[in-house]
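Reviewing the structure listed below.
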Amino acid sequence: MSEVLTAPLVVEFPFTRSLGPVQSAFLTGLRERTVLGVRARDGRVVVPPVEYDPVTADELRDLVEVAPAGTVTTWAWNPSPRRGQPLATPFAWVLVRLDGADTALLHALDAPGPDTVRTGMRVQIRWAAERTGAIGDIACFEPAEETAGGAVDGAAGVPRGEANGSRRGGAGPLRGHNGDGRGDIPAGTGRRQAEPHSGEFPRPHTSEFADPITGITAPARLDYTYAPGRTQSRYLRGLAERRTLGERCPACCKVYVPPRGACPTCGVATAEQVEVGPRGTVTTFCIVNIKARNLDIEVPYVYAHIALDGADLALHARIGGIPYDQVRMGLRVEPVWAEGARYPDHYRPTGEPDADYDSYKELI
């Protein structure tokens with residue numbers, strides 16, 4: 001039995017969204033080292049703030065300031081941080097109820113080991129050295145430094161050391177931007193002694209800031225390992241030898257390319273391998289006018305469904321070697337292989353007369 005192939009794959013794209021007044025104030029506040037919550041209809045203070053009451057669905061706008069220190073309500077140890085997580089070394093995921101809030105905020109706690117973390121422990125925010133108006137402006141939480149009187153040293157959450165690049169994960173942070181599209185909002189860097197907060201939390205806040213954050217751009221990424229299975233592994237190995245292998249259904253006798261291991265019409269397992277092509281016929285096509293990111297192909301270009309000779313299912317591929325406006329249904333094409341490639345780079349015209357419509361109409 002042949003070995004099943006596997007390959008690492010990554011799906012990645014930037015996700016951009018605009019912000020309403022509540023989220024805008026919250027993220028702008030983080031840039032200014034201020035944590036805001038919103039007061040719900042029942043009087044509870046929700047952090048992070050939401051735009052609508054979680055119970056009544058009423059619109060909420062009563063923003064208040066809460067403390068940058070709080071209490072761990074529950075936690076879980078993360079021994080192997082992944083790409084893009086807040087810290088690059090083992091840390092604890094914690095839910096922290098900040099002083100003045102009635103709900104908990106999820107973030108990372110920088111701790112030397114799981115034996116140093118406990119429910120009920122006091123923690124404080126470690127602010128990022130450079131802040132852009134994003135949740136990453138909270139670099140992480142750290143154990144709170146207690147004074148002799150039991151209060152947190154520097155009640156405004158003065159950090160023991162600003163976060164640095166060696167402690168962060170590998171992905172780019174979520175970035176904030178302002179309304180004029182100029183990109184990241186500049187913020188102060190380096191150590192900074194914040195003025196201690198006075199009074200009890202929560203306390204009223206105007207939610208007014210200079211240069212408010214109006215939108216965010218966050219990297220979305222999915223890393224996974226793809227295993228095509230035995231049938232398509234044989235198909236891919238055939239392509240590496242510049243052969244196209246399909247499988248014939250024992251019931252309807254149709255040849256499927258790429259093979260699926262079973263007939264999609266009859267539901268019968270397929271095992272008989274059939275070599276098809278390499279030439280084929282364009283059954284239908286589309287003209288691509290939008291350039292894909294990281295794809296070095298100039299637009300416009302043509303993607304087509306191609307029924308290879310001997311196959312009963314069309315596959316799709318790019319058409320080259322011909323002006324895009326001359327590609328047509330019935331065009332006869334053949335594969336073009338790049339040096340050392342494991343699959344055709346594109347298909348080009350063979351110079352043969354166009355195929356008769358009746359010969360491929362069932363494959364459209």
Side-chain angles (χ1 to χ4, degrees), residues 26-37 45-49 64-147 150-171 173-174 176 187-197 201-202 218:
F26 175 67
L27 294 180
T28 308
L30 294 184
R31 190 189 71 199
E32 305 302 325
R33 298 165 60 112
T34 299
V35 184
L36 297 181
V45 174
V46 180
V47 179
V64 295
E65 182 180 357
V66 299
T71 303
V72 173
T73 62
T74 190
W75 62 278
W77 186 251
N78 181 11
S80 302
R82 303 186 64 180
R83 181 187 186 276
Q85 292 185 338
L87 299 174
T89 55
F91 64 90
W93 288 113
V94 289
L95 283 173
V96 179
R97 186 172 60 244
L98 296 174
D99 297 345
D102 295 293
T103 61
L105 171 72
L106 175 66
H107 216 295
L109 172 65
D110 188 7
D115 56 334
T116 64
V117 185
R118 64 188 184 279
T119 298
M121 74 181 294
R122 296 286 294 169
V123 294
Q124 63 190 20
I125 290 175
R126 179 191 297 168
W127 295 103
E130 297 183 5
R131 296 176 299 282
T132 62
I135 191 62
D137 292 352
I138 300 176
C140 62
F141 282 85
E142 59 188 2
E145 297 175 350
E146 301 290 338
T147 65
V152 176
D153 284 343
V158 177
R160 292 182 296 187
E162 298 283 10
N164 58 65
S166 64
R167 295 289 296 162
R168 292 192 58 83
L174 179 146
T189 60
R191 289 181 180 272
R192 171 177 175 269
Q193 291 288 331
E195 295 75 20
H197 286 291
F201 290 98

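Here the closest non-hydrogen pair linking Val117 and Ala92 is CG2-CB, 4.1 Å. The two residues Ala101 and Val47 make their nearest non-hydrogen contact at CB-CG2, 3.7 Å. Annotation for Met121 and Leu109: closest pair SD-CD2, 3.9 Å, computed over non-hydrogen atoms. Shown here for Ala139 and Pro86, the closest heavy-atom pair between the two residues is O-CB, 4.0 Å. Contact between Pro49 and Gly37 at its shortest, heavy atoms only, is CB-C, 4.0 Å. Between Pro202 and Val45 the shortest heavy-atom distance is CG-CG2, 3.8 Å.
Residues Val94 and Val123 have side chains not in contact (no heavy-atom distance under 4.5 Å, counting atoms from C-beta outward). Using a 4.5 Å heavy-atom cutoff, the side chains of Arg33 and Pro68 are not in contact. Side-chain contact between Cys140 and Phe91 is absent, with no heavy atoms from C-beta onward closer than 4.5 Å. Residues Val35 and Pro48 fail the side-chain proximity criterion, which asks for heavy atoms closer than 4.5 Å. Residues Ile138 and Leu105 have side chains in contact (heavy-atom distance under 4.5 Å, counting atoms from C-beta outward).
For the 3.5 Å distance criterion, the side chains of Arg122 and Thr71 qualify, holding a donor opposite an acceptor.
Here the OG1-CG distance, from Thr132 to Asp137, works out to 5.0 Å after rounding to the nearest 0.5 Å. Between the CZ atom of Phe141 and the CZ atom of Arg126 there is a distance of 11.5 Å, given to the nearest 0.5 Å. From Ile125, atom CD1 reaches atom CG of Leu98 across 5.5 Å, with rounding to the nearest 0.5 Å. Taking CH2 from Trp127 and CD from Glu32, the interatomic distance works out to 10.0 Å, rounded to the nearest 0.5 Å.
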>> Show, in sequence, the C-alpha distance, side-chain angles and deciding distance for His107 and Val96, and conclude whether the side chain to side chain contact (heavy atoms under 4.5 Å, CB included) test is met.
In response: CA-CA 8 Å; His107 216 295; Val96 179; over 6 Å; no
Let me have the donor-acceptor pairs involving side chains of residues 73-81, under 3.5 Å, with sequence neighbours excluded, atom names and distances please.
residue: Thr73; atom: OG1; partner: Leu95; partner atom: O; Å: 3.2
residue: Asn78; atom: OD1; partner: Ser80; partner atom: N; Å: 3.4
residue: Asn78; atom: ND2; partner: Gln85; partner atom: OE1; Å: 2.8

